[in-house]
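See structure below.
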Amino acid sequence: MARLILKSAVFVEGDIELSESDLPVTLGRSHRADITISDMLLSRIHAEICRGQNGGFEIVDHESTNLTIVNNQDIERALLKTGDCILLGETEILVEIDAPEIDTHEKTTRELPLLNPRKPVEPPSI
């Protein structure tokens, strides 16, 4: 199962790790938010992290006053990937996704590497 790791200097207890079963999770300055961030530029419930429609982790802005920004882009919603930088108010959060490798038996044939690729057949010379 994939894990989302949120890294920021504002998290005094260290990185925040979330699995898909922990979702949805709200972020904001209110104590009602699942992840409370002490930043006066945040809305009470600023954004939410939930499962994406096709899997993965997605961040959704909750019509915040000061926007939700991912990789310098103002977003309403965005699918998160490793290396993304989320900016909520003045709080910068780095994203890391730890996804287990898929077993070969779980892959489709299109995802499997070719073991003996066939050479193109050349027409016979006359």
Side-chain angles (χ1 to χ4, degrees):
M1 180 179 287
R3 289 181 311 139
L4 173 68
I5 303 166
L6 302 175
K7 300 179 177 197
S8 179
V10 301
F11 302 143
V12 266
E13 294 184 19
D15 299 344
I16 295 175
E17 294 186 19
L18 303 168
S19 67
E20 292 177 358
S21 62
D22 296 323
L23 303 179
V25 172
T26 56
L27 299 100
R29 66 179 162 84
S30 170
H31 292 289
R32 292 180 316 171
D34 298 313
I35 299 173
T36 302
I37 300 171
S38 182
D39 182 334
M40 291 309 293
L41 294 178
L42 264 67
S43 298
R44 288 180 185 95
I45 302 294
H46 195 96
E48 177 179 81
I49 296 176
C50 56
R51 285 189 55 148
Q53 292 177 346
N54 296 321
F57 299 94
E58 186 173 49
I59 188 164
V60 180
D61 182 71
H62 269 226
E63 298 180 6
S64 61
T65 303
N66 291 321
L67 311 174
T68 296
I69 298 171
V70 176
N71 299 330
N72 299 318
Q73 301 258 344
D74 169 24
I75 59 100
E76 289 183 19
R77 63 185 332 118
L79 196 59
L80 296 172
K81 60 188 181 315
T82 295
D84 283 347
C85 178
I86 302 169
L87 186 62
L88 304 175
E90 293 183 326
T91 303
E92 188 174 282
I93 302 170
L94 298 176
V95 173
E96 184 178 315
I97 296 179
D98 180 22
E101 285 292 319
I102 298 174
D103 184 33
T104 300
H105 296 289
E106 295 177 27
K107 293 184 179 182
T108 66
T109 54
R110 292 180 193 262
E111 296 171 313
L112 294 174
L114 292 174
L115 297 178
N116 293 320
R118 295 182 183 170
K119 293 181 182 178
V121 178
E122 296 182 25
S125 57
I126 300 179

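Predicted model only: the values in this text are computed from it and were never measured.
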inquiry  = Minimum heavy-atom separation for Asp34 and Pro24, please, with both atom names.
reply    = OD2-O, 3.9 Å
query = Are Leu18 and Val70 connected in the hydrophobic side-chain network, where two residues link if heavy atoms are under 4.5 Å apart?
reply = yes
message = Do Asp15 and Leu6 make a side-chain contact, defined as non-hydrogen atoms from C-beta onward lying under 4.5 Å apart?
response = no
Under 3.5 Å: donor-acceptor pair, side chain of Asp22, backbone of Val25 = no
inquiry  = When you group the ILVMFWY residues by side-chain heavy-atom contacts below 4.5 Å and let the links chain together, are Ile16 and Leu23 in the same group?
reply    = yes
ask   = Counting N and O atoms only, with roles assigned by atom type, does the side chain of Asn66 sit under 3.5 Å from a partner on the main chain of Leu42, one being a donor and the other an acceptor?
value = no
ask   = So which heavy atom on Ile45 is nearest to which on Arg32, and how close?
value = CD1-C, 4.2 Å
ask   = Quick one: does Ser43's side chain have a donor or acceptor within less than 3.5 Å of a partner on Thr65's backbone?
value = yes
query = Do Leu67 and Leu41 share a hydrophobic cluster, counting only Ile, Leu, Val, Met, Phe, Trp and Tyr and linking them when any side-chain heavy atoms are less than 4.5 Å apart?
reply = no
ask   = Going only through I, L, V, M, F, W and Y residues with side-chain contacts under 4.5 Å, is there a path from Ile97 to Leu27?
value = yes
query = Between the main-chain N or O of Asp98 and the side-chain N or O of Arg3, is there a donor-acceptor pair closer than 3.5 Å?
reply = no
task = Could you go through the side-chain contact (heavy atoms from CB on, under 4.5 Å) check for Ile75 and Ile59 one step at a time?
result = CA-CA 9 Å; Ile75 59 100; Ile59 188 164; 4.0 Å; yes
request  = Check whether more than 12 heavy atoms from other residues, nucleotides or ligands sit under 6.0 Å from atom CD of Glu76, and answer yes or no.
outcome  = no
task = Mark yes when over 12 heavy atoms from residues, nucleotides or ligands other than Asp74 sit less than 6.0 Å from its CG; otherwise mark no.
result = yes
inquiry  = Could you walk me through whether Arg51 and Glu58 satisfy the side-chain contact (heavy atoms from CB on, under 4.5 Å) test, starting with their C-alpha distance in whole Å, then the side-chain angles of each, then the deciding distance to 0.1 Å, before giving a yes or no?
reply    = CA-CA 6 Å; Arg51 285 189 55 148; Glu58 186 173 49; over 6 Å; no
request  = Would you give the length of the straight line joining atom CZ of Arg44 to atom NE2 of His62, rounded to the nearest 0.5 angstrom?
outcome  = 15.0 Å
task = Could you tell me whether a side-chain N or O of Thr68 sits under 3.5 Å from a main-chain N or O of Ala47, the two making a donor and an acceptor?
result = no
message = With side-chain contact (heavy atoms from CB on, under 4.5 Å) as the criterion, how do Phe57 and Leu79 come out once you've worked through the C-alpha distance, each side chain's angles and the decisive distance to 0.1 Å?
response = CA-CA 6 Å; Phe57 299 94; Leu79 196 59; 5.8 Å; no
Under 3.5 Å, which donor-acceptor pairs do the side chains of residues 87-96 form with other protein atoms, sequence neighbours left out?
| residue | atom | partner | partner atom | Å |
| --- | --- | --- | --- | --- |
| Thr91 | OG1 | Asp39 | OD2 | 2.8 |
| Glu96 | OE1 | Lys7 | NZ | 2.9 |

query = With no hydrogens and no angle check, is any side-chain donor or acceptor of Ser8 less than 3.5 Å from a backbone partner on Phe11?
reply = no
request  = Just do the side-chain contact (heavy atoms from CB on, under 4.5 Å) check on Thr26 and Ile35 with the steps written out, would you?
outcome  = CA-CA 6 Å; Thr26 56; Ile35 299 173; over 6 Å; no
key: Test item: His46 and Arg29 side chains (from C-beta on) under 4.5 Å apart, heavy atoms   = no
